[in-house]
There are 2 protein chains.
Amino acid sequence: MTSERFDLLPGALDMMVLKTLTEGAQHGYSIVRHIQRRCQGALSIEEGTLYPALHRMEARGWVRASWGQSDSGRKAKFYVLTPRGRKELSQRVDSWARFTGAVSQVMGDFEPTGAGQLA
Amino acid sequence: MTSERFDLLPGALDMMVLKTLTEGAQHGYSIVRHIQRRCQGALSIEEGTLYPALHRMEARGWVRASWGQSDSGRKAKFYVLTPRGRKELSQRVDSWARFTGAVSQVMGDFEPTGAGQLA
DNA sequence: GGCTATCCCCTAGTTAGTCTAGGTATAGGC
DNA sequence: GCCTATACCTAGACTAACTAGGGGATAGCC
């Protein structure tokens, strides 16, 4: 939050959540931690972002939810990937690859600098 | 263009426009063509997206506009990069690199499947 | 002259998704 | 009891992209 604002999240979040669920059912809170662990904290997913996203995906039939018990014995809502979610995931992965490929073609050899010196 | 998932990630457009302007002053219409030529049409920038973006960037002091004549002799508004715009660009390039890097760490070895080609 | 296509700019309104900033509730440690 | 971590949720603000138009100027064709 705050410190760094990518504004790039829209679209990529769903993909990462779906990918996380390919590794088995998980509840929201653990999905967040899983993603953050994977990228060493480079991305921070707000709960206020994640839960609406999960509900959206459930409404679209990409995931299915059911209540269960978390490792710590608390009530938790577990999400599993549906076949449609799996299909959506692979489409998104393809789109992501095409999109980032296109952007880097546009950006050419423009090099990521340190943090901000001039080209 | 509708069908594609990542029409444009918020934030990536500004970066591409700023990058385009590092190659010299250009007017809006030619910026669009430049970007589309670069990515072989993989991205489509709508005018209704571009012009508001240019105005935003001008208001923020990243570009400066002035009226001039296009190659075809028409009136056109040319944009040039300001020092602040240049700085913004390199920050965005860095953010972009960090963000896409983080996403691919999360996605791991998940490979783009059928629709496109594979990595 | 009219017609069309291309060039070039613009905006209002809609939609979508993230962020802010709260709220609820339980379990465990002190 | 209090505090922290866990676990879920929502309303409202905000930003930016998209839709779907608009206008005018130029060049070429008939």
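Since the structure is predicted, the reported quantities are computational estimates derived from the model, not experimental observations. Because only heavy atoms are used, hydrogens play no part in the values below, and waters and symmetry mates are left out as well, while side chains stay in. Numbers restart at 1 for each chain; the letters A, B, ... are given by sequence-line order, proteins then strands.
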According to a strict under-4.0 Å criterion, is [X] in side-chain N/O contact with OP1 or OP2 of [N]?
X        : N       : value
Tyr51(B) : dC9(C)  : yes
His55(A) : dT10(D) : yes
Arg56(A) : dA16(C) : no
Thr49(A) : dC19(C) : yes
Lys75(B) : dC7(C)  : no
Ser70(A) : dT6(D)  : no

Distance-only polar pair, side chains of Arg74(A) and Ser72(A), donor-acceptor under 3.5 Å: yes
Under 3.5 Å: donor-acceptor pair, side chain of Thr49(B), backbone of Ile45(B): no
Sugar-phosphate, base or nothing in reach of Ser30(B), heavy atoms under 4.0 Å: nothing
Touch class at under 4.0 angstrom, heavy-atom based, for Gly28(B) against every strand present: sugar-phosphate
Close side-chain approach of Thr20(B) to Arg33(B), heavy-atom, < 4.5 Å: no
Test item: Trp62(B) and Leu81(B) side chains (from C-beta on) under 4.5 Å apart, heavy atoms: no
Whole angstrom value for the distance that separates [atom2] of [N] from [atom1] of [X]:
X        : N       : atom1 : atom2 : result
Met16(A) : dG17(C) : CE    : C1'   : 13 Å
Trp67(A) : dC8(D)  : CH2   : P     : 6 Å
Gln69(A) : dA7(D)  : CD    : C1'   : 12 Å
Leu50(A) : dT20(C) : CG    : P     : 15 Å
Ile45(B) : dT19(D) : CD1   : C1'   : 16 Å
His27(B) : dC10(C) : NE2   : P     : 12 Å
Leu54(B) : dA16(D) : CG    : P     : 14 Å
Glu46(A) : dT10(D) : CD    : P     : 17 Å

hbond_proxy Glu47(B) side chain to dC8(C) base (donor-acceptor, 3.5 Å cutoff): no
Val80(B) and Val63(B): CA distance, side-chain angles, deciding distance, side chain to side chain contact (heavy atoms under 4.5 Å, CB included) verdict: CA-CA 5 Å; Val80(B) 291; Val63(B) 299; over 6 Å; no
Test salt bridge (charged side-chain N to carboxylate O under 4.0 Å, His left out) applied to Arg56(A) - qualifying residues, sequence neighbours left out: Asp14(A)
Given dC8(C), dA16(D), dA7(D), the nucleotide with the shortest approach to the side chain of Tyr29(A): dA7(D)
Minimum-distance nucleotide (side-chain atoms of Lys77(A) versus dA16(D), dG17(C), dC8(D)): dC8(D)
Residue closer to the 5' end of DNA chain D, Pro52(A) versus Asp71(A) (nearest nucleotide): Asp71(A)
Would you tabulate the pairs of protein nitrogen or oxygen atoms and nucleotide nitrogen or oxygen atoms of nucleotides 26-28 of chain D closer than 3.5 angstrom?
unit_1: dT26(D); atom_1: O2; unit_2: Arg74(B); atom_2: NH2; d: 3.2

Verify same cluster id: Tyr29(A), Phe78(A) (apolar side-chain graph, 4.5 Å): no
Test: Arg92(A) and Glu88(A) ion pair at under 4.0 Å: yes
